[in-house]
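All remarks here apply to the structure that follows.
Note: hydrogens, waters and symmetry copies are ignored here, and every other heavy atom, side chains too, is used. Counting convention: from 1, in listed order, for ligands and their atoms alike.
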Amino acid sequence: MNILLLGSGGREHALAWKIAQSPLLTRLFIAPGNAGTAGLGTNLPVDPENFPLLKETVMGNRIDMVVVGPENPLVKGIHDFFLADHFLRLVPVIGPRKNAAMLEGSKDFAKRFMVRHHIPTANYRTFTPGNAEAGFAYLESLNPPYVLKADGLAAGKGVLICDDLSQAHREFSRLMFRGAFGKASRKIVIEEFLSGIELSVFILTDGKTWKLLPEAKDYKRIGEGDTGPNTGGMGAVSPVPFADQDFMNKVITRVIQPTMDGLLSEGIDYQGFLFFGLINVKGDPYVIEYNCRLGDPETESVIPRLKSDLVPLLKAIADRRLERETVEIHPETAATVMMVSKGYPGSYEKGTIIHPPPPPAGILLFHAGTLLDPYAGQIISNGGRVLAITHLANNLPKALDGCYQSLPAFAFDGCYYRKDIGQDLISPK
Ligand code: AMP
Ligand code: GLY
C-alpha cells in the first residue's frame with residue numbers, strides 16, 4: 001500500500017523508519033518530511049494544514065492511508081475533511097476527528113471531559129474576560145505555585161507556572177487581556193499544582209478497543225537538573241522504571257479505560273494514537289493533559305521498542321479490527337537525546353550546515369529540524385530541535401552510555417544537548 005505520513009519532526013522520522021520496514025508498504029510519502037525521511041520515502045513540499053493541496057497529493061499518488069503526526073491538522077479537522085469528500089472518504093486517516101482532537105485542542109474541554117468521567121486530574125476553573133475578576137479571586141484561594149493554561153493550542157508554550165501570587169496575577173492579566181497567546185488564551189484554565197514525576201503513556205485505538213504502547217518519560221526543560229524554560233522535549237527514556245505493573249494497572253483502570261468509555265458514551269469516535277500526559281502523585285496517576293498524537297521525542301524511544309509491524313496495526317485501526325491484533329514490544333530500554341540549536345527554546349538560527357555521519361551500529365539517528373538542500377545536496381538545520389539520537393540496550397545505564405558515547409560525532413556548530421537525560425531514574429549505587 002501507499003502511505004502518506006504528515007509532519008516533519010523526529011517523531012515523523014521515527015514513524016517513517018518503522019513504516020518503511022513493513023512488507024505491506026509499496027511507497028511512502030512524507031509531507032513535508034525532513035532530511036532524514038528523504039532517505040526512507042519521497043518528501044513532498046506540502047503543508048499538512050493545506051487540505052485542498054493534500055487532496056491533490058492523495059489522489060495524484062494513489063495514497064491508501066494517511067498517518068497524521070502532529071496535532072494541528074487534526075485539531076483543524078483533517079479527518080472530517082476526508083470524510084466529507086466524495087473521493088477522499090475511502091482513504092483512511094490515522095488520527096482522530098476534530099471533536100475528539102479537542103481533547104488536546106481545548107484544555108477546558110479536556111478538563112470538563114475528565115470531570116464528567118471521574119478521571120483523576122488537578123482541580124481547576126476556567127475563566128474568560130467576562131469573569132476575570134473571579135479568576136483573581138480563585139488564584140487567591142490556591143496555594144503556590146500557580147498553574148495557568150491557555151485554552152487552545154500554543155505550540156507547547158501555553159502553560160505558565162508562577163511561584164508567587166503577584167506574578168500569577170500579572171501573567172493572568174497578560175494572557176487574558178493582552179492575548180499573549182492570541183486566540184488560544186481567550187479562555188484560561190487555572191489549576192492546582194500537582195507535585196510528582198511525569199510520564200507519557202500512549203495507546204492505539206480504533207474507537208472500540210485499544211492497545212497499550214510502551215510508556216516513556218520526556219525531559220521538557222532546557223537545562224540540566226530540570227531547570228530553565230520548557231522545550232518541546234530534550235530527551236526521553238522508555239520504559240519508565242516507576243511505571244511498574246501496579247502503577248500501570250491504576251493508569252488503565254482510572255485513566256485509560258474511563259477515557260475510552262467516556263468517548264464511547266458521548267458518541268465521540270477516536271481512531272489513532274492517544275497520549276496521556278500523566279503525573280505520579282505519591283503512587284497515583286493524575287492526568288496533566290491529553291494529546292491526540294504521539295509525543296516528540298517520546299516516539300523516538302517508543303517506536304524502536306515496537307517489535308510488531310506498525311502498518312498492520314494502523315490498518316486494523318482503519319478497519320476497526322484492532323481487537324484481533326497483538327502489539328509485541330522489545331524488552332530493551334531505549335534512551336533518546338535531542339541535539340538542539342544554540343539559543344533554543346528562545347530565538348535560534350536556522351540554516352547551519354550539518355554533516356551527521358552514518359550512525360554506528362546500534363545507534364538510531366532521527367532527524368528533527370533538518371532540511372535537505374536539493375541543489376547543494378547538503379543537510380541544513382531548520383528548527384530548534386535538530387537531531388535525536390536513540391540507543392537500545394539491556395538496561396537504562398547502558399542505553400544512556402551508548403547514546404552519550406555516540407553524540408559527539410553528531411555535533412554541529414553551536415549545538416547543545418542535556419547531559420543528564422535519564423539520570424534521575426537511575427538508582428544511586
Ligand atoms: P501541558 O502543556 O498541559 O502538558 O503542561 C506543560 C507542563 O506544565 C507539564 O508537562 C507539567 O510539567 C506542567 N504542568 C501542567 N499542569 C500542571 C499541574 N497541574 N501541576 C504541575 N505541573 C503542571
Ligand atoms: N514531548 C511532549 C509532546 O510531544 O507533547
Side-chain angles (χ1 to χ4, degrees), residues 7 9-12 14-15 69-72 74-75 101 103-111 114 120-126 139 142-163 168 171 181 184-185 188-202 213 215-222 226-238 240 273-282 284-303 336-338 340 345 366 368 384-385 388 418 421 424:
R11 168 182 51 213
E12 286 75 25
L15 285 168
E71 63 277 17
N72 282 45
L74 295 166
V75 173
L103 284 177
E104 175 165 2
S106 163
K107 303 267 187 209
D108 177 55
F109 175 87
K111 291 299 259 187
M114 286 186 264
T121 189
N123 289 324
Y124 83 105
R125 279 185 59 193
T126 301
L139 280 170
L142 297 174
N143 294 318
Y146 303 89
V147 183
L148 309 178
K149 301 186 172 186
D151 179 58
L153 291 184
K157 299 191 184 79
V159 176
L160 298 170
I161 312 244
C162 305
D163 289 328
E171 292 295 353
F181 293 110
S185 61
I188 296 169
V189 168
I190 299 181
E191 67 180 41
E192 243 173 25
F193 181 84
L194 297 175
S195 184
I197 311 186
E198 288 175 60
L199 84 159
S200 308
V201 169
F202 305 96
L213 291 171
E215 78 286 350
K217 182 171 189 287
D218 174 21
Y219 291 78
K220 286 203 169 74
R221 304 291 198 94
I222 186 75
D226 286 331
T227 51
N230 263 340
T231 68
M234 296 295 292
V237 303
S238 173
V240 180
F273 297 99
L274 180 53
F275 168 160
F276 302 86
L278 305 179
I279 189 160
N280 174 352
V281 182
K282 299 194 182 105
D284 291 322
Y286 284 75
V287 179
I288 292 276
E289 63 168 349
Y290 289 110
N291 292 315
C292 59
R293 52 170 173 91
L294 288 174
D296 195 348
E298 290 97 322
T299 305
E300 292 93 302
S301 276
V302 166
I303 286 292
T336 300
V337 178
M338 258 305 166
V340 306
F366 295 120
R385 296 188 296 169
R418 268 181 67 167
I421 300 301
D424 56 323

Quick check: [X] and ligand 2, any N/O pair under 3.5 Å apart?
{"X": "Gly233", "answer": "no"}
{"X": "Asp296", "answer": "yes"}
{"X": "Asp218", "answer": "yes"}

To check you understand the geometry: which heavy-atom pair defines the closest contact between [X] and [Y], and what is its length?
{"X": "Thr336", "Y": "Ser301", "answer": "OG1-OG, 2.7 Å"}
{"X": "Leu294", "Y": "Arg11", "answer": "O-NH1, 2.8 Å"}
{"X": "Arg385", "Y": "Asp296", "answer": "NH1-O, 3.0 Å"}

If you measure every N or O of Ile279 against every N or O of ligand 1, does any of those distances drop under 3.5 Å? no
Any idea which atoms of ligand 2 are less than 4.0 Å away from a heavy-atom of [X]?
{"X": "Phe275", "value": "3 (C), 4 (O), 5 (O)"}
{"X": "Asn291", "value": "5 (O)"}
{"X": "Gly295", "value": "4 (O)"}
{"X": "Gly232", "value": "1 (N), 2 (C)"}

Measure the distance from atom 3 (C) of ligand 2 to every protein heavy atom, then report the residue, atom name and distance (to 0.1 Å) of the closest one.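 For this ligand atom, the closest protein heavy atom is Arg293 NH1, 3.6 Å.
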Distance filter under 4.0 Å to Lys149 heavy atoms, resulting ligand 1 atoms: 3 (O), 15 (C), 16 (N)
In the structure I gave you, are the side-chain heavy atoms of Glu71 and Asn291 within less than 4.5 Å of one another anywhere? no
Should Phe366 and Thr299 count as side-chain neighbours, where that means a heavy-atom distance under 4.5 Å? no
For Tyr290 together with Phe276, are the ring centres under 6.0 Å from each other? yes
Using heavy-atom distances only, which candidate in Glu198, Lys220, Glu191 approaches atom 19 (N) of ligand 1 most closely? Glu191
Using a strict cut-off of less than 4.0 Å between a Lys/Arg side-chain nitrogen and an Asp/Glu carboxylate oxygen, indicate whether [X] and [Y] qualify as a salt bridge.
{"X": "Lys107", "Y": "Glu191", "value": "no"}
{"X": "Arg418", "Y": "Asp226", "value": "yes"}
{"X": "Glu289", "Y": "Lys149", "value": "no"}

Within the structure, is a non-hydrogen atom of Ile161 found at a distance of less than 4.0 Å from ligand 1?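 Distance cut 4.0 Å: Ile161 passes for ligand 1.
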Heavy-atom distances under 4.0 Å are what count here, so tell me which part of Arg11 touches ligand 2: side chain, backbone, both or neither.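 Neither; nothing of Arg11 gets under 4.0 Å from ligand 2.
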